[in-house]
Amino acid sequence: MTKVFIINGGQQFGHSGGRFNETVSAASAEFFTNRPGFEVKTTNINHAYDLQEEVEKYKWADVVIYHTPIWWFQLPHGFKAYIDKVFTEGHGKGIYKSDGRSSANPTINYGTGGMLHGKKYMVTTSWNAPKEAFTLPDEFFQQTSVDDGILFGFHRMNAFIGMKPLPGMHFHDIEKNADIPRDLGKYTAHLENVFTNLN
């Protein structure tokens with residue numbers, strides 16, 4: 001049985017109702033719930049959560065799936081607050097024990113103190129920016145991918161606690177050129193491909 005923890009990091013704030021990430025999170029939950037061999041737990045960062053319960057979800061899970069929009073080239077503040085609070089609560093309680101260094105040799109082994117080794121994670125992001133903003137010469141992101149650019153720190157964060165990445169998915173141009181059925185179809189196919197080959 002593969003245990004999957006789905007986090008909806010979409011936030012209700014300003015003009016955003018968080019609907020796209022709510023839809024994608026629901027699609028994830030439906031995908032795994034309707035297949036044998038999976039157990040699912042979920043969190044929506046817009047709802048009240050208990051920090052220790054969230055730590056236990058990380059410890060329970062084999063795979064953590066993060067769904068988040070990107071606001072001003074970063075995680076939304078509510079999702080970042082969730083991570084800050086939950087990971088701090090998990091210090092010495094199952095998420096990480098230290099930064100990995102020792103006082104005897106403080107210059108090496110930084111980032112090796114995670115407690116979630118053997119677990120995996122996947123991330124989806126949603127953007128107003130079109131994919132061409134990342135791929136075409138002279139466009140805004142200077143041909144730097146989402147994963148190598150904006151999400152570099154996010155991936156290092158997950159490495160710090162011991163988790164390994166699964167291929168993620170990035171949804172582009174969802175404000176000016178949205179096609180939700182198309183995107184959900186692509187996402188379901190992505191899940192099929194990733195989790196059919198998981199083991």
Kindly indicate whether the side chain of [X], heavy atoms from C-beta on, has any atom under 4.5 Å from the side chain of [Y].
| X | Y | result |
| --- | --- | --- |
| Phe38 | Lys3 | no |
| Thr68 | Pro76 | yes |
| Trp71 | His77 | yes |
| Phe171 | Thr125 | no |
| Ile95 | Val86 | yes |
| Phe5 | Thr42 | no |
| Gln11 | Phe79 | no |

May I ask you to say whether [X] pairs ionically with [Y], meaning some side-chain N is under 4.0 Å from a carboxylate O?
| X | Y | result |
| --- | --- | --- |
| Glu22 | Arg19 | no |
| Glu53 | Lys41 | no |
| Lys93 | Glu89 | yes |

If you apply the rule side chain to side chain donor-acceptor pair (under 3.5 Å), what do you find for Thr124 with His170, and how did you get there?
CA-CA 5 Å; Thr124 74; His170 306 300; over 6 Å; no
Partners passing ring-ring contact (aromatic ring centres under 6.0 Å, His included) against Phe134 (at least two apart in sequence or in another chain):
Trp127, Phe141, His172
More than 12 heavy atoms of other residues, nucleotides or ligands under 6.0 Å from CD of Gln142: is that the case?
no
Could you list the donor-acceptor pairs under 3.5 angstrom formed between side-chain atoms of residues 149-164 and any protein atom two or more places apart in sequence or on another chain?
| unit_1 | atom_1 | unit_2 | atom_2 | d |
| --- | --- | --- | --- | --- |
| His155 | ND1 | Tyr121 | OH | 2.6 |
| His155 | NE2 | Asp147 | OD1 | 2.7 |
| Asn158 | OD1 | Tyr66 | OH | 2.7 |
| Asn158 | ND2 | Phe154 | O | 3.0 |

Does any N or O in the side chain of Asn21 come within less than 3.5 Å of the main-chain N or O of Ser126, such that one atom is a donor and the other an acceptor?
no
Could you pull out every donor-acceptor pair under 3.5 Å between side chains of residues 103-115 and any protein atom, sequence neighbours left out?
| unit_1 | atom_1 | unit_2 | atom_2 | d |
| --- | --- | --- | --- | --- |
| Asn105 | OD1 | Thr107 | OG1 | 3.3 |
| Thr112 | OG1 | Asn109 | O | 2.6 |

Gly9 and Pro69: which non-hydrogen atoms are nearest, and at how many Å?
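Scanning both residues, the minimum pair turns out to be O-CD, 3.8 Å.
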